[in-house]
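In what follows, chains carry the letters A, B, and so on, assigned in the order in which the sequence lines appear, proteins first and then strands, with residues in each chain numbered from 1.
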2 protein chains.
Amino acid sequence: MPTNRTKREDILDSALKLFAERGFDATTIPMIAGDARVGAGTIYRYFENKEVLVNTLFQHYVQAFKGMLEEEYPQESSSREQFHHLFQRMVQFTNEHEHALYFIKTHNGAYFLNESSRKQFSCLWKILRDFLDKGKERGEIRQLPSLALIAIIFGGFLELEQLIRSEELEASRDLLHGVEESCWDAVRHHH
Amino acid sequence: MPTNRTKREDILDSALKLFAERGFDATTIPMIAGDARVGAGTIYRYFENKEVLVNTLFQHYVQAFKGMLEEEYPQESSSREQFHHLFQRMVQFTNEHEHALYFIKTHNGAYFLNESSRKQFSCLWKILRDFLDKGKERGEIRQLPSLALIAIIFGGFLELEQLIRSEELEASRDLLHGVEESCWDAVRHHH
DNA sequence: CAAAACGGAATGAATGTTCATTCCGTAATT
DNA sequence: AATTACGGAATGAACATTCATTCCGTTTTG
């Protein structure tokens, strides 16, 4: 139980960045230590091993993202407004934690994730599935498996995030609004 | 120029599968050799090293995919028909080379890709960009950066492919048709 | 035509390197 | 002064790559 929380967070921040940029296997402990300006051994004071570190990170951000999506969720509004809420929160979350969503997505399903990480992740999917299922009942959302719709929204959004991070696109208000519109047209029911 | 092409292809097939499933860094040469039923040393008879192997694979499938998209491309048709062509070919390519698109996508931008691989990849993007740019001029495609639209189509499609491979979804005719419709609605211009 | 010699393909044990993890002397904190 | 935190060299395991050897189809020789 460290009295000084800073080192632990430095390590987590560096690990998040490196895992997102290079992937788990291509990121070495000495790399993380160097980036966090910490001795390699210090990492083992806070995390039992590399797998515990990556699972901690994964669960932390899945949890945080879930919280962000659920907070002030407009339970009673139309699917369009609910979609707007979810999309906005996705953007906000990305702004606050630059690499987090990309890290989650690229490391989801990986061999080193433990039971608990997998469970938490499927619980995140559930939020989106519930939104879509309810929208389909109301006839506001396209009749397609929710998993497929989530794939389209999330896949598209994360691909976009990558382009913005690599500075091939700029995250202007216009662009984000346009992408929201485009994703909404992908999932909504058309007459 | 080997007289027997089989071993080289066995190696390439195994490498594609393993790179797609586990990623470049988590895939070891002995793993590939084992899967291909070949001695580890044999791999070095055909490929100078692991990086050359992955670049060969990458370029091969980017090239093949490009060829598949361009063949019989309906240059004179409407954007809708052109989109249908591209989407169909994407599906067909995935059927013929189970892991290829996912491998390309997950390894694009990786640190071990050489200049030539990167060049080939951007040339693949160009095909899609030209289609979208022309469609925008005609007012049939949404006014959004082509890169962003490509991200939405490709991101969504590949996310979907993953779900199908992991058997969370079944690739029925209905599903593919629905997804095509959904992606088209994401990129087309709405009145 | 049989037998011996040849040569390239294939192998997997051996090599050197890189990594995750441990260990221990030093610095900071109480 | 004792306890805890830290750093980075040390360790052993796992890896990519190499290499001496085997294998096998073809060619040469007697």
S.K.: To the nearest Å, give me how far apart CZ (B/R45) and P (C/dG12) are.
M.R.: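 Rounded to whole Å, this separation is 14 Å.
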S.K.: From NZ of A/K50 over to P of C/dT22, roughly how many Å is that when rounded to an integer?
M.R.: 15 Å
S.K.: Rounded off to whole Å, could you give me the CG-to-P distance for the A/N49 and D/dG12 pair?
M.R.: 20 Å
S.K.: Taking the minimum atom-to-atom distance to the side chain of A/I29, which one of C/dT21, C/dA10, D/dA16 wins?
M.R.: C/dT21
S.K.: If I take atom CD1 in residue B/I43 and atom P in nucleotide C/dG12, what distance separates them, rounded to the nearest angstrom?
M.R.: 12 Å
S.K.: Between B/Y46 and C/dA9, does any side-chain N or O lie under 4.0 Å from OP1 or OP2?
M.R.: no
S.K.: Reckon B/T28 touches a base, only the sugar-phosphate, or nothing at all at heavy-atom distances under 4.0 Å?
M.R.: sugar-phosphate
S.K.: Could you check whether A/F112 and A/F24 have their ring centres less than 6.0 Å apart?
M.R.: yes
S.K.: Output the rounded distance in Å from CD (B/E51) to C1' (D/dC15).
M.R.: 14 Å
S.K.: Can you see whether A/Y102 has A/R165 sitting over its ring - NZ or CZ less than 6.0 Å from the centre and within 45° of the normal?
M.R.: yes
S.K.: Between C/dA10, D/dG8, D/dT18, which nucleotide gets closest to the side-chain atoms of B/Y44?
M.R.: D/dT18
S.K.: Atom CG of B/D25 to atom P of C/dT17: distance rounded to whole Å?
M.R.: 20 Å
S.K.: Give the rounded distance in Å between these two atoms: CZ of B/R22 and C1' of D/dC15.
M.R.: 13 Å
S.K.: Could you check if a side-chain atom of B/V62 sits within less than 4.5 angstrom of a side-chain atom of B/F65, using non-hydrogen atoms only?
M.R.: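 B/V62 vs B/F65: side chains apart.
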S.K.: Distance check needed: D/dA16 C1' versus B/E48 CD, whole Å only.
M.R.: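 My rounded result for the distance is 13 Å.
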S.K.: Against the six-membered ring of B/F154, is B/K105 placed for a cation-pi contact (under 6.0 Å from the centre, within 45° of the normal)?
M.R.: no
